[in-house]
Amino acid sequence: AQVALALVMLAGAGLLVRSLQRMFAVDPGFRAENLLIVPLDLPRAAYAGAKDEAGKRAVDESNNQYFARVAEQVKALPGVEAATTAAITPFCNVIGKNGVVIEGWQPKPGENVAIDSNRVGPGYHELMGIPLVQGRGFIERDNASAPLVVIINEAMARAYFPNQNPLGKRFSLGSGQPWLEIIGVTRDHRLHSLTETSFPHFDLPALQHPYGSFARLVVRTNIDPLAVLPPARKEALALNAQVDIERPTTLYDEVKNSI
């Protein structure tokens with residue numbers, strides 16, 4: 001009986017190993033290796049002192065400037081190829097959705113079009129290794145004083161702009177909200193699971209849609225990414241000693257831990 005049980009356990013372990021091998025063979029649509037993720041959480045006390053929407057926007061802008069400065073400082077560190085920010089990174093167990101109104105799209109009666117979304121910094125798609133199949137990625141000039149823009153994935157293009165060139169098409173984040181112009185289309189990529197099927201997704205430039213008090217620093221390295229963590233943490237704290245750095249990790253570990 002013990003031998004039989006041992007054989008069953010070995011067979012089960014073998015199946016698990018083969019299953020893991022198959023899952024790691026899946027192309028997630030981004031480059032998971034050599035990528036450090038450092039969550040940065042700023043104190044929320046500043047919002048308590050904001051008396052109106054203008055005050056809140058001023059705090060948002062100050063926080064955005066902090067996140068951008070950290071990314072710039074970290075870019076200069078040895079072993080770093082690029083750095084930017086994002087509200088959500090793949091496999092981080094956070095889902096963002098926005099209701100949208102798509103120009104020219106007639107929803108079904110009672111249909112509420114809510115689409116998976118993210119806010120990201122300049123150069124995010126290039127840093128992540130997410131290919132753009134049409135148009136361009138976000139740049140520093142996609143800021144609050146520039147026309148409002150957005151990048152969608154192939155699944156969103158197929159769903160809402162079939163047999164059309166989506167570049168230049170528009171949608172808003174709700175009735176009465178300003179139009180966002182599509183400037184790029186990314187290849188579909190896994191966002192929450194290696195086994196998920198593609199679904200519509202869009203990215204907003206954080207310079208036009210501020211993060212608030214929390215963002216993730218995303219760092220592409222040419223060395224062990226965890227070796228960059230101590231100097232990156234030092235730069236973040238030097239710019240604001242009150243920032244809370246919660247559970248830094250690597251994208252590879254996020255993907256591995258999702259299995």
Exercise. Considering only NZ, NE, NH1 and NH2 on the basic side and carboxylate oxygens on the acidic side, decide whether Lys75 and Glu72 come within less than 4.0 Å.
Key: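 Answer for the salt bridge query: yes.
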Quiz item: In terms of side-chain geometry, is the basic nitrogen of Asp253 or Lys256 positioned less than 4.0 Å from the acidic oxygen of its partner?
Solution: yes
Quiz item: Using 30° and 60° as the class limits, which term best fits the ring planes of Phe67 and Tyr211: parallel, tilted or perpendicular?
Solution: perpendicular
Exam field: side chain [X] to backbone [Y], donor-acceptor pair closer than 3.5 Å:
X	Y	value
Glu140	Pro122	no
Asn63	Asp60	no
Asn64	Pro210	no
Arg158	Asn163	no
Arg216	Ala87	yes
Glu235	Arg69	no

Please name the pair of heavy atoms, one in [X] and one in [Y], separated by the smallest distance, quoted to 0.1 Å.
X	Y	value
Gln134	Pro166	OE1-CD, 3.6 Å
Ile115	Pro200	CG2-O, 3.5 Å
Ala236	Ile245	CB-CD1, 4.2 Å

Practice problem: Check Asp188, Asn153, Thr186, Asp116 against His201 for a side-chain hydrogen bond (donor to acceptor under 3.5 Å, both in side chains) and give me the one that passes. | Solution: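 Answer to the side-chain hydrogen bond (donor to acceptor under 3.5 Å, both in side chains) test with His201 among Asp188, Asn153, Thr186, Asp116: Asp116.
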Exercise. Using the salt bridge (charged side-chain N to carboxylate O under 4.0 Å, His left out) rule, collect all pairs that involve residues 92-110, keeping only residues at least two apart or in two chains.
Key: Glu103-Arg170
